[in-house]
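Taking it in order: structure first as structure tokens, then the write-up.
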Amino acid sequence: MIIVQGWVRLDEGELDRLHDVAITMMEETRKEEGCIAYTFSRAMEDPNLMRIAEVWEDQASLDAHGKSPHMATFNQSLGSAKILGISIKAYPAEAGKTLMGAD
């Protein structure tokens with residue numbers, strides 16, 4: 001399993017402009033084989049910070065996601081936005097465990 005965590009800090013108003021394409025990206029990605037979870041969210045402490053959380057069955061699934069048409073569309077939209085900072089990292093999750101709640 002692969003966990004992807006990250007954030008994108010955008011200029012004022014950019015996250016609102018990207019809202020619809022981000023919703024489409026989440027909906028289409030969640031249909032992909034190997035996608036366990038895929039979410040964008042707005043940080044409560046900063047309305048211009050988009051948080052990214054993904055879980056993939058394996059690296060092959062994540063690699064295929066990177067080549068999907070909806071990823072290309074999203075990247076084009078994101079590329080036209082004024083990005084003030086970005087950090088997205090992937091981690092292997094073989095040693096993961098439940099901390100609270102059900103599996």
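Owing to the predicted nature of the structure, the values given are computational and were not obtained by experimental measurement.
The two residues Ser61 and Gly34 come nearest to each other via the heavy atoms OG-CA, 3.4 Å. Residues Leu18 and Ala81 approach most closely at CD1-CB, 4.1 Å, considering heavy atoms. Counting all heavy atoms, side chain and backbone alike, Ile2 lies closest to Pro92 at CD1-CA, 4.3 Å.
Between Ser80 atom OG and Asn75 atom CG the span is 11.0 Å, to the nearest 0.5 Å. Interatomic distance, Glu33 CD to Trp56 CH2, rounded to the nearest 0.5 Å: 10.5 Å. With values rounded to the nearest 0.5 angstrom, Asp20 atom CG is found 6.5 Å from Thr24 atom OG1. Atom CD of residue Glu28 and atom CD1 of residue Ile23 lie 12.0 Å apart, to the nearest 0.5 angstrom. Taking CZ of Arg42 as the start and CG of Asp16 as the end, the distance is 4.5 Å to the nearest 0.5 Å.
In this structure the side chain of Glu57 never reaches within 4.5 angstrom of the side chain of Met1, judged on heavy atoms. A 4.5 Å side-chain heavy-atom check between Leu15 and Leu49 finds every atom pair outside the cut-off.
In terms of modelled atom types and a separation under 3.5 Å, the side chain of Thr29 and the main chain of Met26 share no donor-acceptor contact.
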Steps toward side-chain contact (heavy atoms from CB on, under 4.5 Å) verdict (Glu54, Cys35)
CA-CA 8 Å; Glu54 308 173 24; Cys35 179; over 6 Å; no

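Taken together through direct or relayed side-chain contacts under 4.5 Å among Ile, Leu, Val, Met, Phe, Trp and Tyr, Tyr38 and Trp7 form parts of separate hydrophobic clusters. Taken together through direct or relayed side-chain contacts under 4.5 Å among Ile, Leu, Val, Met, Phe, Trp and Tyr, Ile52 and Ile83 form part of one hydrophobic cluster. With hydrophobic clusters built from ILVMFWY side chains whose heavy atoms lie under 4.5 angstrom apart, Ile3 does not share a cluster with Met50. If you chain together hydrophobic residues whose side chains sit under 4.5 Å apart, Met71 and Ile36 never meet in one group. Under the 4.5 Å side-chain heavy-atom criterion for Ile, Leu, Val, Met, Phe, Trp and Tyr, Val4 and Leu78 are members of the same hydrophobic cluster.
Glu32 and His70 are linked by a side-chain donor-acceptor pair at a separation below 3.5 angstrom, with hydrogens and angles left out of the test. A donor-acceptor contact closer than 3.5 angstrom is absent between the side chains of Asn48 and Glu14.
Salt bridge annotation for Asp46-Arg51: absent, with no cationic side-chain nitrogen under 4.0 angstrom from a carboxylate oxygen.
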